[in-house]
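Each chain gets a letter, A, B and so on, in the order the sequences are listed, and its residues count up from 1. None of the values given here were measured: they were computed from a predicted structure.
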Amino acid sequence: MNKETKTYKVLRYVFLIAACIFVIIPLIPLVFMAFKTGAEYSSTSVLTPPKYWLNLYNFAYAIKVGKLGKALMNTAIILGISISIQIMFTTMVSYVLHRFEFTGKKLIFSLFMMTMFIPIVTTQTIVFQIIYRMGLVNKMLSVILLYSGVGIVGIYVILNLLATIPKELDESALMDGASYYRIFRSIIFPLLKPGCTTLLIINGIGLYNDFYIPNLYLRKDVQTFTVALYKFFGNTATPFEIVAAAILLGIIPIGIVFLFLQKHIFYGLAGAVKS
Amino acid sequence: MKAKKLLAILTAVTVILSLASCVEPQTGTGGTTNDPGKTTQADPSSLKGTTIRVYTHGGNRVLGEEKKDEKGNTYRDVENTAFLKYLAEDFTKETGINVELNVVTNEDELRPLFQVKDDSVDVFTCPNWSLEEWKAFCEPYCTVDEGVELYGEYARAMPAVDGIVYSIMPGRAYNQAVVYNEEVIKAAGYDKIPATLDEFNKMCEAIKANGVTPISMHRVENWPLATVQDFAGYVAGNANVFAECLKTENPFSETAPFGKTIKIYTQWKANGFFEPEVYTDFGVAMDSVAYGRAAMMLFGSWVVPQIQGRVPDGKDPAIIKFAPAPDFGAGRFVLAAPADNWAICKFSKNKDAARLFIEYIANDAQFIADSGFIANKKGVTPIVPDLYSIIDDLVASGDCKVLLQPANDANSLANQEVLTEAGLWADYKYVGLLFDSLDVTKPDDWSAYNKQVEVQNNAYKKYKEELGLEWVD
């Protein structure tokens with residue numbers, strides 16, 4: 001039994017180390033590239049470390065020429081507003097769908113489900129026309145509006161969590177004279193915190209990495225990080241050492257968020273899977 | 001059950017409404033359409049204070065070319081190479097019309113704006129539109145006859161539909177030749193690109209023996225294969241060779257110009273003349289020539305200033321030269337094509353100012369030369385950029401003939417259609433599939449290549465017959 005446990009342990013570690021290497025290896029050339037000069041990048045292998053680790057020229061160039069600081073700020077504003085709206089609506093919709101019986105409930109749920117099967121690209125010709133007629137192209141509001149929608153994945157996460165919250169809590173509060181809004185705000189919503197963190201991470205990373213929507217709707221002064229990054233790509237040639245530095249700069253905010261929310265992320269994801 | 005029915009009805013209504021909103025209105029297309037024949041210009045004084053927005057994919061002319069400083073770091077040389085920025089400033093000083101320059105990467109960034117008839121684009125340069133798109137998105141510039149009167153025969157190769165030119169190309173370029181590092185070929189015992197294929201192959205062997213890659217092809221992407229299509233014109237001594245595939249049923253056999261050209265390229269591959277490693281991007285491929293790790297590239301003139309800008313500090317950028325390809329059997333040729341598309345957006349509200357700006361460009365021989373082209377407009381004294389000096393001398397002495405790029409005529413489109421139906425057109429597959437079929441580790445085994453020739457010839461014949469397309473005189 002002990003031997004079997006030991007073998008299993010060794011295998012588990014081998015597998016985990018292999019998985020870590022698989023994830024980390026692509027990042028190594030990226031870090032190397034970010035500190036290389038343009039000439040060094042084109043004359044050495046991607047796996048060769050840079051000559052001078054203190055060469056911060058590419059980072060300075062990316063920030064100054066690519067206006068990455070402004071782009072990251074735009075991204076933060078867009079994400080902050082749209083994720084807040086998204087979480088608010090997702091929890092409200094899920095609460096209503098879970099706790100109340102009403103005509104058309106199944107239909108509404110089916111409509112949310114339907115959106116899962118429509119690729120976003122296929123609707124963009126029409127959506128672009130609508131946003132354009134609203135005069136929102138090149139304005140941050142266009143992307144905020146498109147990102148603020150409620151998704152079925154979010155509803156599922158919150159519904160699963162709601163199933164673990166006893167209905168008796170609502171009934172007691174109702175008997176004490178609380179309104180439905182008050183019940184949701186003061187009792188249910190605080191209990192949905194793990195689910196909300198899960199949504200924040202899953203949707204937040206998705207939106208942070210999204211290129212399609214911001215590139216389509218934001219063209220000039222309100223570029224997000226991914227669009228600003230794309231501007232380094234030329235028709236024929238691209239200074240990849242500068243792109244690498246820009247990508248590393250882009251990883252920093254996500255890294256900070258991850259460090260702060262690490263505990264909640266694991267709890268939220270584990271809870272969602274368990275449910 | 002009721003809910004399902006209701007859901008079905010709602011879905012149907014949504015789909016119908018969505019489709020209805022996609023239908024183009026027949027009237028009120030937004031923006032006035034000028035008379036196609038209008039080549040007269042508006043009075044600039046009446047347009048003072050107007051702002052035109054120019055969108056260009058030639059970002060280097062606005063932001064400056066990317067170069068490397070003495071430490072090897074990448075920077076943009078705004079001072080010496082942002083030619084369009086300076087031209088726009090001069091235009092504003094002279095006319096009082098303001099110019100807002102915007103850089104786009106490609107057509108995809110403009111297409112959504114054009115599709116909603118947005119008026120924020122006045123002038124644009126991106127060249128890769130279909131003929132239908134040129135017509136749908138651009139203001140008619142002039143008729144083909146007027147274009148010929150102003151720009152000579154080059155006007156016939158400008159984007160035109162039903163006799164109307166939609167984009168003016170004020171310069172011409174000598175395309176598809178050999179861009180080389182003079183120091184590398186000198187080290188191999190040559191001071192110029194040899195005139196014959198045999199000598200060229202010997203030079204490549206000598207370069208290879210020196211441990212340098214003879215030709216950097218950058219096969220990791222598909223677009224470099226476009227050169228092969230134009231080289232077929234040199235092999236046949238006929239610029240119409242692409243369209244004339246329609247005259248044969250086996251265009252990929254080595255007896256036909258295309259087959260012969262692809263075989264020459266593949267033989268170079270078998271000889272180990274192309275780069276053995278995969279370059280991560282085209283910038284690295286260009287660096288290989290700039291730094292002397294490779295001797296040559298086979299591309300158009302546009303690549304020359306870019307490689308020159310990458311020559312390491314302490315070396316003269318003029319070591320990068322541009323010369324015609326060797327004689328493949330029909331003589332030495334160079335392809336001359338109109339260059340640099342400029343168009344007025346159909347939905348612009350500043351069409352007169354936009355036209356003035358394009359005319360200003362077409363009359364500025366220095367800007368056109370700085371952009372790497374030779375001014376074409378009659379009455380404008382052309383300035384020949386240094387990069388064309390070798391070609392110019394050879395053309396003047398009669399050792400190299402100029403092939404004029406043919407118009408995209410009905411035969412050419414028909415050939416394209418056959419290749420498309422055969423699944424060989426996209427990404428230059430008709431070249432790539434053959435070129436890739438030879439395993440470079442077994443350079444003497446051409447069985448897979450020959451089989452692929454047969455497969456492509458059969459597909460070409462089948463779809464040509466199915467589509468009923470033939471060469472039309």
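- In this pair, B:Phe124 and B:Trp129 present their aromatic rings perpendicular. The plane angle is above 60°, beyond the 30 to 60° band.
- Only the side chain of B:Arg310 comes within less than 4.5 Å of a heavy atom of chain A; its backbone N, CA, C and O stay farther away.
- Ranked by heavy-atom pairs under 4.5 Å with chain A, the list B:Asp287, B:Asn73, B:Val284 is led by B:Asn73.
- Residue contact with chain A, scored on non-hydrogen atoms closer than 4.5 Å, involves the backbone of B:Lys71 exclusively.
- If you measure heavy-atom distances from A:Ile130 to chain B, you find no contacts under 4.5 Å at all.
- Between A:Phe32 and A:Trp53, the ring planes are perpendicular. Angles over 60° get that label, and only those under 30° would be called parallel.
- Here A:Phe240 and A:Phe232 keep their ring centres 6.0 angstrom or further from each other.
- The choice from B:Leu63, B:Asp108, B:Val303, B:Val116 that makes the most heavy-atom pairs within less than 4.5 Å of chain A is B:Val116.
- Contact annotation for A:Glu241: only side-chain heavy atoms (C-beta onward) come within less than 4.5 Å of a heavy atom of chain B.
- Although no hydrogens or angles enter the test, the distance criterion places a donor-acceptor pair under 3.5 Å between the side chain of A:Asn160 and the main chain of A:Tyr156.
- Between A:Leu97 and A:Lys105 there is a side-chain heavy-atom pair separated by less than 4.5 Å.
- Heavy-atom distances place no part of A:Thr123 under 4.5 Å from chain B, backbone and side chain included.
- For B:Ser371 (side chain) and B:Phe373 (main-chain N/O), no donor-acceptor pair under 3.5 Å exists by modelled atom type.
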